[in-house]
Amino acid sequence: MTREHKFDPSKFWVNPEKKLDLGKRPTKAGKELSDKDVAEDALAQDVSDLRQQQEILYANRTHSVLVILQGMDTSGKDGAIRHVMGGVNPQGCRVYSFGPPNETERNHHFLWRPGPCLPEKGMISIFNRSYYEEVLVVRVHPEFLEPQRIPGVDLQKPKTVEAVWKRRYKEITRFEKILSSNGTIVLKFFLHISYDEQRQRLLSRLREPDKNWKFNPNDLAERKHWPKYQYAVQEALIRTSTKETPWYVIPGDSKWYARAAVADIITSKLEDLKLEFPKIAKDESEKFGEYIAELEKD
Ligand code: AMP
Ligand code: MG
């Protein structure tokens, strides 16, 4: 079943041992796919492979998959989920969107929230945004920390706030390591769009009536913090990317390229597990002849 993959995951991987300059990572489509039609064919192949991979995953129940999608507003997270997971058995896959935490969630450690959303063995969970927002949007707006009432944190004392991010990167890394050692394949994608591409997409949301519902005036306010977000993303990625729990920066300005890349990386990572449908024990399979005969006589 293994076949050639168009994308080399290591090209997109954030290597924690190297410097990450997000501004230098491409947002434009790479040369793996010549155009949209080629990308659609590649995506269809991966979607079909992914369906089978999930079935094998479910049959074995040794592993699960957690896919985390992050990206600026309009970066194409929803579309990527729709296209990449559209072919997977709905019983094998769940999608969770992370918006602002409610009061109960704010009264817990931030890694309490994803608990019930984690994939059980055999399943795939997709996080549309995630607990990473706690080091992204919250880092850009440290006042969001206030209702969390974390001991020792004083917004007037920047060092105490800075310590929160450092601690959170470590906690996230440890948390994901725990998941990984229990058989969860953690794959994290940052859909990387340019400032100008976001402008175009916001304009289409305003100009095209069918897209009006997607427009949120708050996106304009957040856009003003673009450099702060890019910095927060860069820090989060470099501090929490590991070999076992990798971050991939996916060029996002062409939706067709980003979707094909995400699908291809997920399928190739699942293939690396070399899982197969479980084999039936010989003494059990020997009885199959009798079962068949019984049913044929029925
Ligand atoms: P959307 O993805 O467009 O549905 O928007 C979800 C919004 O929730 C985004 O503006 C996120 O920044 C925000 N959000 C997600 N997680 C958190 C969090 N932990 N704290 C504050 N805001 C969050
Ligand atoms: Mg939004």
Side-chain angles (χ1 to χ4, degrees), residues 22 66-85 94-118 125-150 153 155 161 164-169 171-172 175-176 188-193 195 197-206 208 210-237 239-240 247 250 252 255 258-259 262:
L22 196 57
L66 173 60
V67 174
I68 293 184
L69 280 180
Q70 287 287 160
M72 300 294 283
D73 291 315
T74 76
S75 59
K77 301 183 288 295
D78 299 85
I81 293 171
R82 202 168 55 242
H83 282 83
V84 175
M85 303 315 296
R94 297 197 188 104
V95 181
Y96 299 91
S97 295
F98 285 68
N102 63 28
E103 196 187 342
T104 310
E105 287 159 349
R106 284 198 308 265
N107 279 323
H108 280 279
H109 184 276
F110 77 104
L111 291 175
W112 177 83
R113 186 179 180 190
C117 316
L118 294 171
S125 279
I126 320 269
F127 287 3
N128 184 353
R129 302 187 189 269
S130 64
Y131 46 83
Y132 277 95
E133 291 294 335
E134 288 290 332
V135 289
L136 299 174
V137 67
V138 183
R139 187 164 183 173
V140 173
H141 299 281
E143 66 276 15
F144 291 174
L145 280 178
E146 209 142 40
Q148 300 189 14
R149 301 183 309 283
I150 303 168
V153 176
L155 291 189
V161 176
V164 172
W165 319 130
K166 300 271 150 57
R167 188 165 72 230
R168 287 186 167 180
Y169 300 140
E171 288 172 341
I172 290 173
F175 175 67
E176 292 175 348
K188 304 176 284 187
F189 298 92
F190 177 70
L191 302 185
H192 189 31
I193 55 167
Y195 188 63
E197 181 64 23
Q198 189 191 56
R199 187 179 78 93
Q200 302 289 351
R201 291 186 187 177
L202 288 171
L203 280 171
S204 339
R205 288 181 179 189
L206 286 162
E208 295 171 37
D210 289 355
K211 290 187 180 171
N212 286 169
W213 65 275
K214 290 194 204 172
F215 182 74
N216 177 352
N218 187 247
D219 291 352
L220 291 187
E222 291 313 297
R223 178 172 163 80
K224 297 204 165 65
H225 300 297
W226 184 275
K228 280 191 182 164
Y229 271 108
Q230 297 290 301
Y231 179 72
V233 168
Q234 181 176 290
E235 281 284 285
L237 266 49
R239 304 268 186 165
T240 61
W247 266 112
I250 306 295
K255 289 176 180 169
R259 290 166 184 170
V262 170

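Since this is a predicted model, take the numbers as computed values, not measurements. First listed ligand is number 1; within each ligand, the first listed atom is number 1.
If you look at Lys77 next to ligand 1, there are no close heavy atoms at all, none under 4.0 Å. Within the 4.0 Å heavy-atom criterion, the part of Val138 lying near ligand 1 is the side chain and not the backbone.
Here is the list of ligand 1 atoms found below 4.0 Å of a heavy atom in Phe98: 15 (C), 16 (N). The ligand atoms of ligand 1 that sit less than 4.0 angstrom from a heavy atom of Val137 are 12 (O), 17 (C), 20 (N), 21 (C), 22 (N), 23 (C).
Under the 6.0 Å distance and 45° angle rule, Arg113 does not count as a cation-pi partner of Phe98.
Shown here are the side chain to side chain donor-acceptor pair (under 3.5 Å) partners of His109, two or more places apart in sequence or in another chain: Glu171. Under the side chain to side chain contact (heavy atoms under 4.5 Å, CB included) criterion, Ser204 pairs with Glu208, Lys211, not counting sequence neighbours.
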- Tell me, with the steps shown, if Trp112 and Thr104 meet side-chain contact (heavy atoms from CB on, under 4.5 Å). CA-CA 10 Å; Trp112 177 83; Thr104 310; 4.0 Å; yes
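Under the 4.5 Å side-chain criterion, counting only non-hydrogen atoms from C-beta, Glu134 is in contact with Pro101.
Phe127 and Tyr132 have their aromatic ring centers separated by at least 6.0 angstrom.
With Arg129, Gln70, His141, Glu222 as candidates, the residue nearest to atom 11 (C) of ligand 1 on a non-hydrogen basis is Arg129.
Taking only nitrogen or oxygen atoms, main chain and side chain alike, Asp73 does not reach within less than 3.5 Å of ligand 1. An N or O contact shorter than 3.5 Å links Glu134 to ligand 1 by distance. For ligand 1, the polar-atom distance check finds an N/O of Gly99 within less than 3.5 Å of one of the ligand's N/O atoms.
Put simply, part of Pro101 is less than 4.0 Å from ligand 1, judged by heavy atoms.
Using a 4.0 Å cut-off between charged side-chain N and carboxylate O, Lys214 and Asp73 make no salt bridge.
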